[in-house]
Amino acid sequence: MHAVFRECRALLVPGGFVVMTARPWWRDGRFIDFPGALGRVGEEAGLFLYERNVALLAGLRDDVLVPRVSFFALGQVRAARAKGIPRLVTAHEDVLVWRTP
């Protein structure tokens, strides 16, 4: 990812943006903050982390938010719960916005 960010920086005009969505996950009982790691890698490649926002994984039906989770995420939560591990389905993705200097 460092190489990808470096190449993005080389292609963008000063003040240009790179936008990416990412989500955290669980692995071997540990929470992996993938968006946080991406933020650091982008900065190490010479970009400035301009914003970190949240995008809800939901639809709108009339006036009601309806969850829209992936089958993969749902399967992971069901498998963890079957083993007695309390888990909830992630209902958002992080929207990371970097800017060139």
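Treat the numbers as computed from the prediction; the structure is a model and nothing was measured. Counting from 1, the numbers follow the sequence of the chain as shown.
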Novice: Quick one: does any side-chain atom of R99 pair with a main-chain N or O of G15 as donor and acceptor, under 3.5 Å?
Specialist: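 Such a contact is found between R99 side chain and G15 backbone.
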Novice: Going by the rule salt bridge (charged side-chain N to carboxylate O under 4.0 Å, His left out), which residues pair with R87 if we only count those two or more places apart in sequence or in a different chain?
Specialist: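 Salt bridge (charged side-chain N to carboxylate O under 4.0 Å, His left out) list for R87, sorted by chain: empty.
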Novice: Measure the spacing between CH2 of W98 and CG of L38 and express it to the nearest 0.5 Å.
Specialist: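 With rounding to 0.5 Å, CH2 (W98) is 5.0 Å from CG (L38).
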Novice: Could you grab the distance from atom CZ of R78 to atom CZ of F71, nearest 0.5 Å is fine?
Specialist: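 Result: 9.0 Å between the selected atoms.
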Novice: Identify each donor-acceptor pair in which a side-chain atom of residues 48-61 lies under 3.5 Å from a protein atom, sequence neighbours left out, and give them as a table.
Specialist:
unit_1	atom_1	unit_2	atom_2	d
E51	OE1	N53	ND2	2.9
R52	NE	D94	OD2	2.7
R52	NH2	D33	OD1	3.2
R52	NH2	D94	OD2	2.8

Novice: Please answer: with hydrophobic residues joined when any side-chain heavy atoms are less than 4.5 Å apart, are F5 and V95 in the same cluster?
Specialist: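 No, because F5 and V95 fall into different hydrophobic clusters, even though each may have its own neighbours under 4.5 Å.
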Novice: Taking only residues two or more places apart in sequence or in another chain, which ones pass side-chain hydrogen bond (donor to acceptor under 3.5 Å, both in side chains) with E7?
Specialist: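 E7 satisfies side-chain hydrogen bond (donor to acceptor under 3.5 Å, both in side chains) with no residue once adjacent residues are dropped.
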Novice: What pairs with R9 under salt bridge (charged side-chain N to carboxylate O under 4.0 Å, His left out), at least two apart in sequence or on another chain?
Specialist: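 R9 satisfies salt bridge (charged side-chain N to carboxylate O under 4.0 Å, His left out) with no other residue.
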Novice: What distance do R6 atom CZ and L11 atom CG have between them, rounded to the nearest 0.5 Å?
Specialist: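 It comes to 12.5 Å.
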Novice: Give a yes or no on whether M1 and V97 share a hydrophobic cluster (residues Ile, Leu, Val, Met, Phe, Trp, Tyr; joining criterion: side-chain heavy atoms under 4.5 Å apart).
Specialist: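 Each belongs to a different hydrophobic cluster.
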Novice: Just distance, no hydrogens or angles: give the donor-acceptor pairs under 3.5 Å from side chains in residues 16-31, sequence neighbours left out.
Specialist:
unit_1	atom_1	unit_2	atom_2	d
T21	OG1	E93	OE1	3.1
R23	NE	E93	OE2	3.4
R23	NH2	E93	OE2	2.5

Novice: Residues sharing V69's hydrophobic cluster, by side-chain heavy-atom contacts under 4.5 Å among ILVMFWY, directly or via others?
Specialist: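 Result for V69 is L74, V77, V89.
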Novice: Does V13 offer a backbone N or O that forms a donor-acceptor pair with the side chain of T100 under 3.5 Å?
Specialist: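 Looks like yes, one N/O pair under 3.5 Å.
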